[in-house]
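Report on one structure; see the data block that follows.
Per chain, numbering begins at 1; letters A, B, ... match sequence-line order.
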There are 2 protein chains.
Amino acid sequence: MENHLGNQRYCVSLVPIFNHLEVEQMNEVMQVVKSRSFKKGEILYHAGDEANALHIVNRGQVKIYRLSESGKEQMLRILMPGDFTGELALFQEGSHEAYAEATQDTQICMIRDEDFQKLLVKYPTISLKVLEEFSSRLDRSEQQTTRVATEKVETRLALFIAELAETDQDRVHLPMSKKDLASYLGTTPETLSRRLAEFEEEGLIKMKGQREIVIQDLDGLLFI
Amino acid sequence: MENHLGNQRYCVSLVPIFNHLEVEQMNEVMQVVKSRSFKKGEILYHAGDEANALHIVNRGQVKIYRLSESGKEQMLRILMPGDFTGELALFQEGSHEAYAEATQDTQICMIRDEDFQKLLVKYPTISLKVLEEFSSRLDRSEQQTTRVATEKVETRLALFIAELAETDQDRVHLPMSKKDLASYLGTTPETLSRRLAEFEEEGLIKMKGQREIVIQDLDGLLFI
DNA sequence: CGCTGTCTTGAAGCGTTTCAACACAAGTGG
DNA sequence: CCACTTGTGTTGAAACGCTTCAAGACAGCG
């Protein structure tokens with residue numbers, strides 16, 4: 001039990017929206033946090049579910065996706081430890097528009113809607129942090145719309161790899177399956193496979209297994 | 001001058017994020033609001049400009065767009081009176097990612113960054129309203145990404161018209177030029193023109209001038 | 001009225017999707 | 001640990017939808 005609570009504290013203090021709080025305030029947050037585990041493949045929430053909690057990833061990985069009007073799956077983002085979700089629907093009355101699914105065995109810290117709203121009003125600085133997070137997420141979303149609408153797959157893929165390289169150095173790790181990456185980039189697995197093969201033929205990258213890419217010519221990728 | 005201040009009050013009280021405030025608090029907001037006018041075609045801010053103010057549209061219309069990596073223009077949204085912008089960059093340190101341009105003669109109410117942040121901390125309920133607004137904007141942006149990535153132009157256009165019809169009844173008014181609409185939908189003016197002509201041949205709609213559409217078969221549009 | 005930008009229409013070319021077949025990897029149960 | 005099953009990834013060929021370029025029609029604005 002000691003260990004369990006230790007995990008929760010670790011979880012909450014990981015999250016950018018809380019990590020500026022004093023120890024005392026943090027303890028207050030801790031009291032409304034509940035822990036929950038999901039196995040790989042389990043769904044945290046469906047589109048249409050009533051939104052009633054903020055979900056913070058402690059261990060594992062979660063993917064957020066939508067279904068389009070015609071029923072196709074659209075990957076939106078991957079949550080790593082410290083990332084959170086569920087907020088979207090908290091502030092509009094209503095239900096989730098997206099699906100959240102654990103892609104590995106995952107541990108989540110949850111804060112109920114009412115508790116979170118109380119925290120926001122009591123500590124306005126939390127709101128500012130959430131606003132920051134929303135801003136950058138909106139920014140990335142609009143950038144993604146722009147890319148899918150105006151660039152071809154080759155370019156979208158090159159930019160995606162180059163951005164991974166900014167944090168991962170020149171051996172980058174794909175955070176998702178190629179199937180999901182195809183969906184994220186707004187294309188099909190077949191086209192993704194062909195474009196990656198092209199990059200390899202041109203000597204721009206080299207695949208090591210299914211999820212590792214060695215970048216051999218970053219400038220070449222960006223000049224596409 | 002009396003008239004000028006009257007306009008400003010009207011402007012601020014229009015905005016959903018402020019309209020729950022008491023008269024007294026509203027007066028406090030009024031003191032930090034500055035008015036500014038833009039002629040049709042003038043730019044409110046460029047991508048790369050430092051973000052230093054919240055812009056609220058009082059009269060007129062503003063379009064928000066991005067440039068993609070390859071230099072193409074991507075329409076993101078249209079601001080009508082009561083809508084606001086400029087917030088994105090306020091919460092991240094840094095600069096605007098998008099362009100804001102007046103598409104008609106427009107009057108804007110501005111609140112400087114520092115003043116707005118003070119208001120947010122003093123009246124936490126304003127934050128909740130801004131979070132609501134961000135939530136729904138993020139929701140729409142992710143929906144747009146999904147549509148551009150998974151639906152064909154025909155479907156995206158049909159959905160766009162159908163959604164206009166929800167507010168406008170069965171004679172809808174396009175809020176922007178067809179050139180901009182093409183960009184918004186992630187296609188070219190040529191393709192947009194062809195798809196609209198198709199809808200007209202099939203008896204689904206009827207164009208009246210360049211910006212008015214009479215919807216003749218809404219169900220037909222949605223079953224595409 | 002004439003200019004400028006927007007809109008339309010046609011024809012050709014291109015990138016992407018689709019379908020199908022096969023290779024491969026991961027996970028399960030004997 | 002191997003065989004089996006299931007899902008993921010690859011490769012080819014054909015079809016499709018969209019973009020591009022070009023030319024002309026139309027609308028808006030000084």
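Taking every heavy atom of both residues into account, A:L192 and A:A182 meet most closely at CD2-N, 3.7 Å.
Both A:Q210 and A:K72 lie near DNA chain C, and the one whose nearest nucleotide falls closer to the 5' end is A:K72. Positionally, the nearest nucleotide of DNA chain C for B:L196 lies more toward the 5' end than for the other of A:E154 and B:L196. Take the nearest nucleotide of DNA chain D for A:A149 and for A:S177: the residue whose nucleotide is more 5' is A:S177.
Taking 4.0 angstrom as the limit, B:K178 places a side-chain polar atom (N or O) nearer than this to OP1 or OP2 of C:dT8. Checking the phosphate oxygens (OP1, OP2) of C:dT4, no side-chain nitrogen or oxygen of B:K179 falls inside 4.0 Å. Taking 4.0 angstrom as the limit, A:K40 places a side-chain polar atom (N or O) nearer than this to OP1 or OP2 of C:dG27.
Near-neighbour residues of DNA chain C inside residues 187-195 of chain A, defined by a heavy atom below 4.0 Å, number-ordered: A:T187, A:T188, A:E190, A:T191, A:R194, A:R195.
Rounded to whole Å, the distance from CD on B:E151 to C1' on C:dT17 is 14 Å. Distance B:L174 CG to C:dC7 C1': 13 Å, rounded to the nearest Å. A straight line from CD1 of A:I224 to P of C:dG15 spans 13 Å, rounded to a whole angstrom. The distance between atom CE of B:M207 and atom P of C:dT6, rounded to the nearest whole Å, is 16 Å. For the pair A:R156 CZ and C:dG15 C1', the interatomic distance rounds to 11 Å; values are reported in whole Å. Rounded to whole Å, atom P of C:dT9 lies 12 Å from atom CD of B:E198. One interatomic measurement links the two molecules: CE of A:M176 to P of C:dA26, which rounds to 18 Å at whole-angstrom precision. In this structure, the CE atom of B:M75 is 13 Å from the P atom of C:dT6, given to the nearest Å.
For the residue pair B:T103 and B:Q61, a side-chain donor N or O sits within less than 3.5 Å of a side-chain acceptor on the partner. When only modelled atom types and interatomic distance are considered, A:Q74 and B:T145 share no side-chain donor-acceptor pair under 3.5 Å. At a cut-off of 3.5 Å, with distance as the only test, no side-chain donor of B:T191 or B:R195 sits close to an acceptor on the other residue.
Across all strands, A:G209 comes closer than 4.0 Å to no nucleic acid atom at all (heavy-atom distances).
Remark: side-chain polar atoms of A:T150 are paired, donor with acceptor, to backbone N or O of A:T146 under 3.5 angstrom.
The number of heavy-atom neighbours closer than 6.0 Å to CD of A:E200, taken from other residues, nucleotides and ligands shown, is above 12.
Checked for salt-bridge contact, A:D217 and A:K206 miss the test: no charged N lies under 4.0 Å from a carboxylate O.
Applying the salt bridge (charged side-chain N to carboxylate O under 4.0 Å, His left out) test to pairs two or more places apart or on separate chains, those with a residue in residues 171-187 of chain B are B:K63-B:D180, B:R171-B:E212.
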Next on the checklist: ring-ring contact (aromatic ring centres under 6.0 Å, His included) for A:F134 and B:F91? Distances and angles first, verdict last.
Outcome noted: CA-CA 9 Å; A:F134 273 32; B:F91 300 109; over 10 Å; no
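By the 6.0 Å and 45° rule, A:R137 stacks over the aromatic ring of A:F84.
Taking a heavy-atom distance under 4.0 Å as the criterion, the stretch of DNA chain D touched by chain A extends 5' to 3' from D:dT8 to D:dA13.
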